[in-house]
Protein chains: 2
Amino acid sequence: MLKFQQKEKILKKYFGILRKCSLFSEIEDRHLIAMLSCLGAKRVSFDKKYTIFAQGNSAKYIGILLSGSAQIVRHDYYGNRSIVSGVMPGELFGESFACAGMEVLPVSIVANEPCEVLLIDSGHVLHTCTNGCEFHRRMIYNLMRDLAAKNIMFHQKLDITAKRTTREKLLAYLAYMEQQTGKNEFEIPFDRQELADYLEVDRSGLSAEIGKLRREGVLDCRKNHFTLL
Amino acid sequence: MLKFQQKEKILKKYFGILRKCSLFSEIEDRHLIAMLSCLGAKRVSFDKKYTIFAQGNSAKYIGILLSGSAQIVRHDYYGNRSIVSGVMPGELFGESFACAGMEVLPVSIVANEPCEVLLIDSGHVLHTCTNGCEFHRRMIYNLMRDLAAKNIMFHQKLDITAKRTTREKLLAYLAYMEQQTGKNEFEIPFDRQELADYLEVDRSGLSAEIGKLRREGVLDCRKNHFTLL
DNA sequence: ATATGTATGTTGAAATTTCAACAAAAGGAG
DNA sequence: CTCCTTTTGTTGAAATTTCAACATACATAT
């Protein structure tokens with residue numbers, strides 16, 4: 001009983017986050033705790049740089065990031081890292097693979113800083129109470145919206161990485177960030193090496209290009225803070 | 001009445017295709033015609049090289065390719081073409097944008113050869129009979145699976161295009177095709193220019209690389225038919 | 001403040017891509 | 001078959017990326 005109260009308390013701490021989570025869109029707070037319990041949601045913490053899901057692991061879990069930040073990364077045969085995207089609090093991860101019925105993950109999800117994560121067995125979302133539970137139906141709809149949004153994200157990423165030069169990729173990315181934030185000044189969620197691994201270019205070449213654009217008066221930056229001029 | 005019979009007849013011609021379409025998974029033939037009518041599905045034909053949906057068009061339609069083949073392409077400000085993926089009969093297109101609620105399409109869908117297409121207003125799939133119609137619920141679930149599968153497709157494409165050299169991209173693509181077909185010999189759905197636009201590389205460089213790999217005894221190819229040795 | 005480790009910037013050489021231009025091959029139309 | 005168009009292959013020069021190595025800046029802990 002005490003344990004349940006604690007659990008409630010802990011989860012209430014994250015209501016603000018869970019409310020914004022696409023999986024629970026249009027689901028009222030008063031139903032949320034019961035749902036989470038029904039879904040068998042488990043809260044887990046990870047230290048900075050810890051791998052939350054590893055490439056090759058079972059793909060049956062869906063994660064919800066409660067706090068911190070993470071990245072979806074892929075390592076090829078030679079160990080080259082490619083960063084697919086970042087994950088911010090309230091966002092789902094792993095849902096594509098679970099929903100597509102993949103056995104194992106083709107990517108890893110890595111904690112960027114200390115993270116708290118809610119893990120849900122995808123079977124509980126996809127395969128239970130098929131006959132009518134309103135919440136369940138809503139979750140399937142929400143998942144559909146979420147997956148469509150992820151698809152758009154991939155289109156946007158392709159728009160950036162399809163460019164042929166480091167300069168064009170960088171400018172396309174910064175233009176995208178400007179459009180997203182609505183400001184010509186913003187923080188990017190990557191350090192230099194990470195930005196290079198996201199844009200699929202060489203880090204030193206990227207640094208050189210940033211320096212050149214700065215000298216040309218196109219942009220200014222201090223660490224992760226970029227300004228387009 | 002005659003018109004309806006014709007419509008039935010025409011659609012029956014494509015039952016084999018529609019049965020395989022992810023949107024209608026687990027929906028029985030006897031319900032299909034009524035559903036298509038209810039969804040306001042319209043059959044349209046397109047000549048080779050015709051643009052089925054154009055970048056910038058309204059994103060409210062979902063397409064089902066009935067015959068022929070098409071490609072999802074994007075043109076940037078300078079007119080550079082990038083091929084996102086191919087579309088084969090029975091596959092959906094445009095559903096990501098409709099389901100994500102985008103206003104306009106960020107890509108075009110172009111007929112590769114004469115095509116027949118079934119167009120469905122996404123509003124009829126997403127926003128009608130929210131209270132219980134079993135078919136409708138099933139379609140949402142099917143869309144969710146389809147979108148998850150498209151997501152996986154993007155991951156696979158990133159796996160290929162994240163490689164840094166033409167040679168690596170080409171070999172990654174051919175390895176993927178080998179895995180898909182289960183054979184070391186297969187036809188690719190692209191001519192040279194299209195393959196280059198799919199891999200995001202220069203066509204002449206690609207031709208040169210194919211020639212080099214052939215001389216090295218790694219592969220053989222005649223037109224679109226590739227053999228890995 | 002110093003030391004230590006990490007992140008970022010810089011450089012030059014080697015490898016690769018792009019680009020333009022042309023040659024060769026393949027396919028269609030008359 | 002020939003002409004014409006499209007596709008594919010080839011080439012060399014210019015631009016760009018990658019790679020390795022090192023220098024500098026920054027952050028943190030002692």
Side-chain angles (χ1 to χ4, degrees), chain A residues 47-49 71 76 78-83 110 112-114 160-174 187-216 218-227, chain B residues 47-49 71 76 78-83 110 112-114 160-174 187-216 218-227:
Chain A
D47 286 338
K48 182 174 177 166
K49 300 296 164 196
Q71 288 172 345
D76 70 9
Y78 308 109
N80 299 314
R81 177 176 73 167
S82 166
I83 296 180
V110 180
N112 225 10
E113 38 186 327
I160 294 168
T161 57
K163 298 272 185 298
R164 302 299 169 81
T165 64
T166 299
R167 161 181 283 243
E168 281 182 309
K169 289 181 188 185
L170 175 60
L171 289 174
Y173 173 69
L174 294 175
E187 307 277 329
I188 68 171
F190 300 123
D191 64 27
R192 290 291 181 278
Q193 182 63 61
E194 289 168 342
L195 180 57
D197 290 344
Y198 177 82
L199 299 178
E200 327 281 17
V201 299
D202 180 71
R203 181 198 59 80
S204 70
L206 174 62
S207 270
E209 203 60 48
I210 290 174
K212 199 188 291 183
L213 286 166
R214 205 196 321 237
R215 282 189 295 279
E216 291 174 17
V218 177
L219 57 79
D220 197 18
C221 82
R222 190 189 307 265
K223 277 183 60 73
N224 300 354
H225 188 91
F226 281 74
T227 309
Chain B
D47 286 338
K48 182 173 177 167
K49 299 295 165 196
Q71 288 174 345
D76 70 10
Y78 308 109
N80 299 313
R81 177 175 72 168
S82 165
I83 296 180
V110 180
N112 225 10
E113 39 185 326
I160 292 168
T161 57
K163 299 271 185 296
R164 302 299 169 82
T165 65
T166 299
R167 162 181 282 244
E168 281 182 308
K169 288 181 187 184
L170 174 60
L171 289 175
Y173 173 69
L174 295 176
E187 306 279 328
I188 69 170
F190 301 123
D191 64 26
R192 290 290 181 278
Q193 183 64 62
E194 289 169 342
L195 180 57
D197 290 344
Y198 177 82
L199 299 178
E200 327 282 16
V201 299
D202 179 71
R203 181 197 60 79
S204 70
L206 174 61
S207 269
E209 202 59 50
I210 290 173
K212 198 189 291 183
L213 286 166
R214 207 197 319 239
R215 283 189 293 280
E216 291 175 16
V218 177
L219 58 78
D220 197 17
C221 81
R222 189 188 307 264
K223 279 183 55 75
N224 300 355
H225 188 91
F226 281 74
T227 309

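In what follows, every chain begins at residue 1, and chains take the letters A, B, ... in the order their sequences are listed.
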Axis deviation across the helix from C:dA1-D:dT30 to C:dG30-D:dC1, five-pair ends, to the nearest 10°: 40°
Sequence-distant partners of A:Ser204, side-chain hydrogen bond (donor to acceptor under 3.5 Å, both in side chains), two or more places apart: A:Asp202
Could you walk me through whether B:Asp197 and B:Phe190 pass the side-chain contact (heavy atoms from CB on, under 4.5 Å) test, one step at a time? CA-CA 9 Å; B:Asp197 290 344; B:Phe190 301 123; over 6 Å; no
Would you name the heavy atoms of B:Arg214 and B:Cys221 that are closest together and state the gap between them?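 Heavy-atom minimum between the residues: NH1-O, 2.6 Å.
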Considering all heavy atoms, the nearest A:Leu171-A:Val218 contact: CD2-CG1, 4.3 Å
Counterpart residues, side-chain contact (heavy atoms from CB on, under 4.5 Å), relative to [X] (two or more places apart):
X: A:Val110; result: A:Thr51, A:Val73, A:Ser108
X: B:Thr227; result: B:Asn184, B:Glu185, B:Asp220, B:His225, B:Leu229
X: B:Asn112; result: B:Lys49, B:Ser69, B:Gln71, B:Glu194

5'-most by nearest nucleotide on DNA chain D - A:Glu209 or A:Lys223: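 Checking each residue's closest nucleotide, the 5'-ward one belongs to A:Glu209.
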Report the residues that fulfil salt bridge (Lys or Arg N to Asp or Glu O under 4.0 Å) with [X], sequence neighbours left out, ordered by chain and then residue number.
X: B:Arg167; result: B:Glu209, B:Glu216
X: B:Glu168; result: none
X: A:Lys163; result: B:Asp76

Residue-level proximity of residues 167-174 of chain A to DNA chain C when a heavy atom falls under 4.0 Å: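 Here the set is empty: none.
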Contacts to DNA chain C from residues 196-205 of chain A, heavy-atom cutoff under 4.0 Å, which residues?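 Within residues 196-205 of chain A, the residues near DNA chain C are A:Arg203, A:Ser204.
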Rounding to an integer number of Å, can you tell me how far [X] [atom1] sits from [N] [atom2]?
X: A:Arg222; N: C:dT8; atom1: CZ; atom2: P; result: 15 Å
X: A:Gln193; N: C:dG5; atom1: CD; atom2: P; result: 20 Å
X: A:Phe190; N: C:dA7; atom1: CZ; atom2: C1'; result: 16 Å
X: B:Arg192; N: C:dA26; atom1: CZ; atom2: P; result: 12 Å

Of A:Arg164 and A:Lys49, whose closest DNA chain C nucleotide lies nearer the 5' terminus?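 Nearer the 5' end of the strand: A:Lys49.
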Within the sub-3.5 Å range, which N or O atoms of nucleotides 28-30 of chain C have a protein N or O partner, and how far apart are they?
none

A:Leu219 CG to A:Phe226 CZ distance, which is reported to the nearest 0.5 Å: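 Taking CG in A:Leu219 and CZ in A:Phe226, the distance rounds to 7.0 Å.
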Calculate, to the nearest 0.5 Å, the distance between atoms CZ and OG1 belonging to B:Arg203 and B:Thr166 respectively. 12.5 Å
Flag the pair A:Ile160 / A:Leu199 as yes when at least one side-chain heavy-atom distance between them is below 4.5 Å, and no otherwise.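 Answer yes - side chains close enough.
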Flag side-chain contact, heavy atom, 4.5 Å: A:Arg164 against B:Asn80: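 No, every pair of side-chain atoms sits at 4.5 Å or beyond.
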Does anyone know the first and last nucleotide of DNA chain D in reach of chain A, 5' to 3', at under 4.0 angstrom to a heavy atom?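 Nucleotide range with atoms under 4.0 Å of chain A: D:dT16 to D:dA20.
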Could you go through B:Leu170 and B:Leu195, starting from their C-alpha distance and side-chain angles, then the distance that decides it, and tell me whether this counts as side-chain contact (heavy atoms from CB on, under 4.5 Å)? CA-CA 9 Å; B:Leu170 174 60; B:Leu195 180 57; 4.1 Å; yes
Base, sugar-phosphate or nothing for B:Thr165? Non-hydrogen atoms, less than 4.0 Å. sugar-phosphate
Do any N or O atoms from the side chain of A:Arg81 and from the backbone of A:Tyr198 form a donor-acceptor pair under 3.5 angstrom?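 The answer is no, because no donor-acceptor pair under 3.5 Å joins these two groups.
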